[in-house]
Trainee: 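Dropping the structure in here first, questions after.
For this chain, numbers begin at 1 and follow the sequence in order. The figures that follow rest on heavy atoms only: side chains count, while hydrogens, waters and symmetry mates do not. On a predicted model such as this, the values are computed, not experimentally measured, just so you know.
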Amino acid sequence: MIFRSVIRWLVALLGSMKKDNFQKVLLLVSVVLGALVGLGSVPIMTRGFSDGELALASLILLFNGMFGVFDFFRPVYVSTFAGSAIRISVGDIVRSSCVIVLLTSVFFIPPYFYVFSDYISAFSYVIIFCSFVLFVFSTGLWGALDANRQVGLSSFLRVIGTSLVYAMFAVMALTGGWSLEIFTLVLFGSQLIVMIATILFSLSLLERTLKVNVGRRFYKQGFLTFFQNASKIIIDFSDRLFIAKFFSGAFVGIYNVFYDVSSRSNTPSQLVSSYYYPRLCGDPGSIPSFMKLGLMMSTLILIVALAFFLAGGKLVSLYFGSDMYEYSDLFTSMLTLWSLFSLAFFAQSVMRSSEQYGVLLSMFGVSSILGLVLMYPLYQWLGLSGILIAVLVMKLPGVIGYWCLRAHLGLHVFSFLLLVFFQVFLFLLSLDFPVKN
């Protein structure tokens with residue numbers, strides 16, 4: 001009874017605190033919590049897990065990141081219901097979630113037989129799919145929070161799920177002797193906890209009926225976003241699947257952990273762009289300052305990448321362990337790529353706010369397909385460096401988007417071009433890898 005009363009009190013408290021300042025605090029807490037737990041857990045994992053266990057843990061984290069690519073109706077919920085007197089209904093969420101599961105479940109089958117069957121059992125893969133279903137049903141509820149300008153709260157709930165996975169993996173690395181099924185059950189448990197918490201916090205914002213309030217326009221924009229996110233699957237995961245297929249299990253773990261840690265540099269950009277997205281929908285005049293903010297955040301990531309480049313392997317070995325010293329250039333390359341991709345979150349928010357879903361799809365589609373086509377030939381020619389160059393091509397949507405939106409930058413278009421030049425320059429300097437397949 002006491003636990004139930006505390007939960008009800010928290011729901012009432014957080015549900016009533018919709019002011020911008022509180023949401024900004026929650027966004028900040030999300031960034032800090034995600035950084036502390038995620039970055040704090042990784043060195044424990046790299047030191048405590050065996051090569052095989054690290055590969056398994058990194059694959060589970062890969063799936064956890066892959067789920068986000070299928071979150072393609074949430075931004076359309078925001079653009080449809082932000083500022084509207086009509087509420088999102090339970091029927092809307094159930095229907096859109098079922099559509100997502102039915103459309104995307106087919107994507108889970110080929111990767112298992114061609115890549116993951118060497119690493120995990122069919123039973124564990126089913127647990128991963130069930131975790132994905134829980135995630136999907138949470139996305140519509142996050143859309144309800146975002147549409148009501150509770151972006152900080154929805155971000156906090158999402159970070160809680162990922163932080164639970166990292167924290168449990170750190171505990172497992174310290175204790176040892178865990179089976180593969182436990183790795184996948186950790187993922188399932190985290191998604192279940194997040195879904196229950198999300199239901200509690202979003203229920204008061206929903207129309208509690210099975211009535212459907214969205215029509216063809218909603219699903220048209222959703223499907224355009226789906227195809228854009230299909231491009232994101234290629235952008236975010238094709239290199240890791242390629243590495244898993246052609247490189248040793250030990251290097252698979254190293255690559256995935258490096259990728260996961262470096263990708264966290266984009267978390268602030270993602271959260272900030274999510275926070276301002278509902279506001280851009282109602283205030284197009286704020287677009288120029290928003291895009292300049294994007295340039296600043298991309299520059300900060302580039303500065304961090306430069307620090308790792310200048311420090312050689314010292315920072316990498318200090319954080320990941322001395323065994324990772326020889327891979328420091330790889331980590332610098334990844335950070336530089338994320339500096340480049342950071343621009344995509346800001347360009348995406350601007351284009352979605354003006355309903356340029358078709359242009360956005362073209363941007364991501366061209367980059368992803370071109371990079372995918374180049375990956376194998378470049379791998380044959382340059383090895384791991386060739387794979388990273390193909391990834392560079394895939395990370396260009398933000399650059400393309402900023403160029404299409406350059407009218408909003410004014411004289412800052414020169415700052416944008418200079419930034420991209422230094423990003424590509426540092427990336428090329430860092431392409432020096434000792435890794436062989």
Trainee: CZ/F320 to CZ/R47 distance, rounded to the nearest 0.5 angstrom?
Mentor: 9.5 Å
Trainee: Considering only residues two or more places apart or on different chains, which pairs with a residue in residues 62-74 satisfy salt bridge (charged side-chain N to carboxylate O under 4.0 Å, His left out)?
Mentor: D71-R74, R74-D146
Trainee: Can you give me the closest heavy-atom contact between Y77 and G143, atom names plus distance?
Mentor: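 Heavy atoms only, the tightest pair is CB-CA, 4.3 Å.
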Trainee: Only pairs at least two apart or in different chains count here, so list each salt bridge (charged side-chain N to carboxylate O under 4.0 Å, His left out) that has a residue in residues 57-66.
Mentor: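 Residue pairs with at least one partner in residues 57-66: there are none.
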Trainee: Indicate whether the side chain of S349 and that of R352 have a donor and an acceptor atom separated by less than 3.5 Å.
Mentor: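 No donor-acceptor contact under 3.5 Å links the two side chains.
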Trainee: By the salt bridge (charged side-chain N to carboxylate O under 4.0 Å, His left out) test, which pairs, at least two apart or in different chains, include something from residues 389-412?
Mentor: D236-K395
Trainee: What's the spacing between S155 OG and L28 CG if we round to 0.5 Å?
Mentor: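 Atom-to-atom, S155:OG and L28:CG are 12.0 Å apart.
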Trainee: S342 and side chain to side chain donor-acceptor pair (under 3.5 Å): which single residue from S269, S298, S273 fits?
Mentor: S269
Trainee: Could you give the distance from CD (Q191) to CD1 (I196), rounded to the nearest 0.5 Å?
Mentor: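 Going from CD on Q191 over to CD1 on I196, the span is 11.5 Å.
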Trainee: Using every non-hydrogen atom in the two residues, find where F183 and F169 come nearest and quote the distance to one decimal.
Mentor: CD2-CE2, 3.6 Å
Trainee: Of the options W338, F341, F258, which is the one that meets S263 in a side-chain contact (heavy atoms from CB on, under 4.5 Å)?
Mentor: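 Only match with S263 under side-chain contact (heavy atoms from CB on, under 4.5 Å): W338.
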Trainee: If you take all heavy atoms of S58 and V252, which pair is closest and at what distance?
Mentor: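 Where S58 meets V252 most closely, the heavy atoms are OG-O, 4.2 Å.
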